[in-house]
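Notes follow the structure.
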Amino acid sequence: MSGDIKRGTAEMTAAMLISGTIGWFVVMSGQPVSGVVFWRCLFGALTLLVICGALGLLRPGILTLRTFAIAVFGGIAIVVNWLLLFASYSHATISIATTVYNTQPFMLLVLGALFLGEKITAAKLFWLTLAFAGMIAIVQAKPGGSGDTFESYSLGILMALGAAFFYALAALAAKWLKGTPPHLIALIQVATGMLMLAPMTDFSQSPQDAESWAILVSIGVVHTGLMYVLLYGAIQRLPTHLTGALSFLYPIAAILVDRLAFGHALQPMQIAGAAIILLAAAGMNLGWTPRWLRPRALQG
């Protein structure tokens, strides 16, 4: 294994493990979701500003007006994605919300077909159908209880799906920004979020103790600034199939954190649905083609 592959694997692993713990930090912050996202954007922007400055990405001429506008659009999408994902935790648990959120490759598949003219192959359609079956299993897995309980659970799933959709929009914007320094894109995104959320953030509810502030600073510095640096470094060093494979550490880590920190154990039907969704996402990301869908010349 080459040095670049080893370093990229370590960076990607660290990025996914950091991402997998963010649910715990969000819940433990005790802040309203809009407040958490605002402080994430603020501390993330400060971190990325230093990083971009150190990399020489703040000089004039790097961005055109068009690329800046697309980056701002992506920023709006990524912030709405964070708002929906974090809000879904209190309705459908971190485990279920994160698993459902991993339907994002399929959202991007549809958007790519609509806006980029990308072809939906039979194999991709198969994985999309399989992911939908996993979603049905998760929805049906909720035990019968009060109407409010089922409605809350369903709302959490819908929020996680909405988060996946807006993440796919941000990813689509990133495709249009090919060649633009990714750290600079991230800086524009969090700066956009900070400006979006400042008017609606209730600063009277800001943390009153050092521990809560430390959690919010960590979400901004570690889970945003550092995570972006590790993720983009890994993407530059790793082949696509390895990046896709390692990305599944994120939902696995989130499920383990949810179980250990909050005691949320998945039911058998939820485990089955989660496994189906993750299998389908793996098939999509890694370009697997089921044997019966391969051209005859490639079989045997």
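If you're wondering where the values come from, they're calculated on a predicted model, not measured in any experiment.
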Minimum-distance pair of heavy atoms, taken over all atoms of [X] and [Y]:
X: S212; Y: S29; value: OG-O, 4.1 Å
X: A87; Y: S90; value: O-OG, 3.2 Å
X: L216; Y: P207; value: CD1-CG, 3.4 Å
X: L85; Y: A97; value: CD1-O, 4.2 Å
X: C52; Y: L58; value: CB-CD2, 3.8 Å
X: A173; Y: G74; value: CB-CA, 3.9 Å

Quick one: pull up [atom1] in [X] and [atom2] in [Y] and give me the separation to the nearest 0.5 Å.
X: I18; Y: L226; atom1: CD1; atom2: CG; result: 4.5 Å
X: L57; Y: L184; atom1: CG; atom2: CG; result: 6.0 Å
X: M159; Y: L83; atom1: CE; atom2: CG; result: 10.0 Å
X: T243; Y: E11; atom1: OG1; atom2: CD; result: 10.5 Å
X: I219; Y: W24; atom1: CD1; atom2: CH2; result: 9.5 Å
X: L17; Y: M227; atom1: CG; atom2: CE; result: 12.0 Å

Donor-acceptor contact present, side-chain [X] to main-chain [Y], <3.5 Å:
X: T67; Y: L63; result: no
X: T224; Y: V221; result: no
X: Q205; Y: Q31; result: no
X: T13; Y: A10; result: no
X: Q208; Y: S206; result: yes

Practice prompt. Sort and list the pairs that fulfil side-chain hydrogen bond (donor to acceptor under 3.5 Å, both in side chains) and have at least one residue in residues 168-192, not counting sequence neighbours.
Written response: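 Passing the test, one end in residues 168-192: Q189-Y228.
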Same hydrophobic cluster for [X] and [Y], using side-chain heavy-atom links shorter than 4.5 Å among ILVMFWY?
X: V36; Y: W213; value: yes
X: L48; Y: L55; value: yes
X: L231; Y: L246; value: yes
X: L49; Y: I62; value: yes
X: Y250; Y: L256; value: no

Any side-chain heavy-atom pair of [X] and [Y] under 4.5 Å:
X: I78; Y: Y167; answer: yes
X: H223; Y: F43; answer: no
X: L161; Y: M135; answer: yes
X: I276; Y: L279; answer: no
X: M16; Y: S19; answer: yes
X: E151; Y: L155; answer: no
X: I96; Y: Y153; answer: yes
X: W82; Y: V33; answer: no

Discussion item. Heavy-atom count check: over 12 atoms from other residues, nucleotides or ligands less than 6.0 Å from F68 CZ?
Written reply: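 12 or below, so no.
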Practice prompt. Step through the shown structure and confirm whether more than 12 heavy atoms of other residues, nucleotides or ligands are within 6.0 Å of CZ on F248.
Written response: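 Yes, CZ of F248 has more than 12 neighbouring heavy atoms, counting only those of other groups under 6.0 Å.
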Practice prompt. Check the pair V80 / L169 against side-chain contact (heavy atoms from CB on, under 4.5 Å), numbers first and verdict last.
Written response: CA-CA 10 Å; V80 175; L169 284 180; over 6 Å; no
Worksheet item: Where do V257 and I94 land on the side-chain contact (heavy atoms from CB on, under 4.5 Å) test, with the steps shown first?
Response: CA-CA 9 Å; V257 167; I94 295 170; 5.6 Å; no
Practice prompt. Begin from the C-alpha positions of V37 and V79 and carry the test side-chain contact (heavy atoms from CB on, under 4.5 Å) through to its verdict.
Written response: CA-CA 7 Å; V37 178; V79 169; 4.0 Å; yes
Worksheet item: side-chain contact (heavy atoms from CB on, under 4.5 Å) between M28 and F262: does it pass, once the steps are laid out?
Response: CA-CA 11 Å; M28 295 305 294; F262 303 110; 4.2 Å; yes
Please list every donor-acceptor pair under 3.5 Å in which a side-chain atom of residues 104-127 meets a protein atom from a residue at least two apart or in another chain.
{"from": "Q104", "atom 1": "NE2", "to": "Y101", "atom 2": "O", "distance (Å)": "3.0"}
{"from": "T121", "atom 1": "OG1", "to": "K124", "atom 2": "N", "distance (Å)": "3.2"}
{"from": "W127", "atom 1": "NE1", "to": "W288", "atom 2": "O", "distance (Å)": "2.9"}

